[in-house]
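Sequential numbering from 1 along the given sequence is applied to the chain's residues. These numbers were taken from a predicted model, which means no experiment stands behind them.
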Amino acid sequence: MNYSRTIREYCLQNPGMMFDMSYEHKKHFEMVPYRTFCKILSRLEDEEILKPYSKGLYIISSDNIKEDPVIAFYANENTGLVVGYKMYNEFGITEHTEKPIVIYTNAMETTTKNIGDDYKLVLFDEMFDDHIKKLIICLELIQNCMNIIDYDLKRIYEVLQDYLQYYDDFSFRTIVKNIRYSLSTIATLDELLSKLHVPNMALEIAKKYYHDA
């Protein structure tokens, strides 16, 4: 196999995408010896196919980058979810903004990663789906609502009422394996679900998992 050609073709097929060295090596190019992999990336950088972005990160060159490449890579449909103030802004909960932008993501090999002062990545070592994302959003709002600056409480309740309808125990179990929410947050979740007549075993699942962990 011509390793250089394989990696070059992959890059040319994905213009504008973030290229995370450790993640790409593990997921797509593990057959390439790591020293050889690094040398190939260096050559692609010299050819301006890869542009350095941060330590261990590149942007694949493109004339038409329309969206934030970090969010597009680490928080797309299958790889992650943006939380924190950027999420609150998108839901109309507050106009206050803060950095870093926090992202739960499965598209990396480390537990956490900072990209400059702008992004904080936190490993969520499972595949994302719509139910998991909606439930994480609810848990984030329940746990952090009183600390959100200039929050709109009515809008928080609207999001919770809408998204909690999608609750299921399997998604909740997947989440608490990766993100440790407080038991008071989960007790509030249980209360809200009961009011909405959504059956759940959230408290039992959390207590068992936290005890076992």
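Contacts of His25 classified as ring-ring contact (aromatic ring centres under 6.0 Å, His included), with partners at least two apart in sequence or in another chain: Tyr34, Phe37. For Tyr3, the ring-ring contact (aromatic ring centres under 6.0 Å, His included) test picks out no residue, with sequence neighbours left out. By the ring-ring contact (aromatic ring centres under 6.0 Å, His included) test, Phe19 is found to be paired with no residue, residues two or more places apart in sequence or in another chain being considered. Partners of Ala202 according to the side chain to side chain contact (heavy atoms under 4.5 Å, CB included) rule, which considers only residues two or more places apart in sequence or in another chain, are Tyr167, Phe172, Ile186, Leu189, Asn200. For Arg173, the salt bridge (Lys or Arg N to Asp or Glu O under 4.0 Å) test picks out no residue, with sequence neighbours left out. Listed by chain and residue number, nothing satisfies the ring-ring contact (aromatic ring centres under 6.0 Å, His included) test with Tyr74 (two or more places apart in sequence, or in another chain).
Remark: the backbone N or O of Cys38 is not paired with any side-chain donor or acceptor of Ser42 at under 3.5 angstrom. The main-chain N or O of Phe73 is found under 3.5 Å from a side-chain atom of Thr79 such that the two form a donor-acceptor pair. Using a distance-only test at 3.5 Å, with no hydrogens or angles considered, a donor-acceptor pair links the side chain of Ser61 to the main chain of Glu48. No donor-acceptor pair closer than 3.5 Å links the side chain of Asp118 to the backbone N or O of Pro100. Using a distance-only test at 3.5 Å, with no hydrogens or angles considered, no donor-acceptor pair links the side chain of Thr36 to the main chain of Val32. Counting only distance, with no hydrogens or angles, the side chain of Asp125 and the backbone of Asn106 share no donor-acceptor pair below 3.5 Å. Counting only distance, with no hydrogens or angles, the side chain of Asp168 and the backbone of Phe170 share a donor-acceptor pair below 3.5 Å.
Connection of Met146 to Leu183 is established within a shared hydrophobic cluster, with ILVMFWY side chains joined at heavy-atom distances below 4.5 Å, either directly or through further cluster members. A single hydrophobic cluster is seen to contain both Val122 and Leu139, as judged by linkage of ILVMFWY side chains at heavy-atom distances under 4.5 Å, directly or through other members. Transitive grouping of hydrophobic side chains (ILVMFWY, heavy atoms separated by less than 4.5 Å) brings Leu135 and Ile205 into a common cluster.
Counted within 6.0 Å of CG on Asp46, heavy atoms from surrounding residues, nucleotides or ligands total more than 12; the atom is thus considered enclosed. Crowding of Glu77 atom CD: a count of heavy atoms from other residues, nucleotides or ligands under 6.0 Å not exceeding 12. Residue Gln161 qualifies as open at atom CD: its count of foreign heavy atoms under 6.0 Å is 12 or below.
Residue Glu47 holds its CD atom at 8.5 Å from OG of Ser4, rounded to the nearest 0.5 Å. Interatomic distance, Ile60 CD1 to Arg8 CZ, rounded to the nearest 0.5 Å: 12.5 Å. Distance CG/Leu12 to CD1/Ile49: 5.0 Å, rounded to 0.5 Å. The distance from the OH atom of Tyr85 to the CG atom of Asn144 is 8.5 Å, given to the nearest 0.5 Å. Taking CD1 of Ile149 as the start and OH of Tyr88 as the end, the distance is 10.5 Å to the nearest 0.5 Å. With rounding to the nearest 0.5 angstrom, the CD1 atom of Ile156 is 6.0 Å from the CG atom of Leu141.
When every heavy atom of Tyr163 is checked against every heavy atom of Cys138, the shortest pair comes out as CB-SG, 3.4 Å. Nearest heavy-atom pair, Thr111 versus Met108, reported as atom, atom and distance to 0.1 Å: O-CE, 3.5 Å. Residues His131 and Tyr166 come closest through the heavy atom pair ND1-O, 3.2 Å. When all heavy atoms of Gly116 and Ser54 are compared, the closest pair comes out as N-OG, 4.4 Å. Residue Ala107 comes nearest to Thr105 through the heavy atom pair N-OG1, 3.0 Å, listed as atom of the first residue, atom of the second, then distance. Between Val70 and Ile103, the shortest heavy-atom contact is CG1-CD1, 4.2 Å.
The shortest distance between side-chain heavy atoms of Lys120 and Ile101 does not fall below 4.5 Å. Side-chain contact between Pro69 and Met17 is absent, with no heavy-atom pair separated by less than 4.5 Å. Side-chain contact between Val102 and Val82: absent, with no pair of heavy atoms (C-beta onward) separated by less than 4.5 Å. Using a 4.5 Å heavy-atom cutoff, the side chains of Asn114 and Tyr119 are not in contact. The closest side-chain heavy-atom distance from Tyr58 to Lys51 is not below 4.5 Å. At least one side-chain heavy atom of Ile71 sits less than 4.5 Å from a side-chain heavy atom of Lys86. For the pair Phe124 and Leu81, the minimum side-chain heavy-atom distance is 4.5 Å or more. For the pair Asn76/Phe128, no side-chain contact is recorded, criterion being any heavy-atom separation below 4.5 Å from C-beta on.
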Between Glu126 and Asn178, is the side chain to side chain contact (heavy atoms under 4.5 Å, CB included) condition met? List the steps.
CA-CA 8 Å; Glu126 303 280 351; Asn178 288 272; 3.2 Å; yes
Side chain to side chain contact (heavy atoms under 4.5 Å, CB included) between Tyr210 and Val176, worked out
CA-CA 8 Å; Tyr210 291 170; Val176 296; 4.0 Å; yes
What do the steps show when you test Asp20 against Ser22 for side chain to side chain donor-acceptor pair (under 3.5 Å), and what is the final call?
CA-CA 6 Å; Asp20 182 319; Ser22 59; 3.0 Å; yes
Full working for side chain to side chain contact (heavy atoms under 4.5 Å, CB included) between Lys133 and Asp129
CA-CA 6 Å; Lys133 287 186 176 184; Asp129 63 25; over 6 Å; no
With side chain to side chain contact (heavy atoms under 4.5 Å, CB included) as the criterion, how do Arg155 and Val159 come out once you've worked through the C-alpha distance, each side chain's angles and the decisive distance to 0.1 Å?
CA-CA 6 Å; Arg155 183 64 187 130; Val159 175; 3.8 Å; yes
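Relative orientation of the Tyr10 and His28 rings is tilted, given thresholds of 30° and 60° on the angle between their planes.
If you run side chain to side chain donor-acceptor pair (under 3.5 Å) between Thr185 and each of Glu140, Gln143, Arg180, only Gln143 comes through.
In this structure, Lys208 does not pair ionically with Glu204, as no charged nitrogen and carboxylate oxygen lie closer than 4.0 Å.
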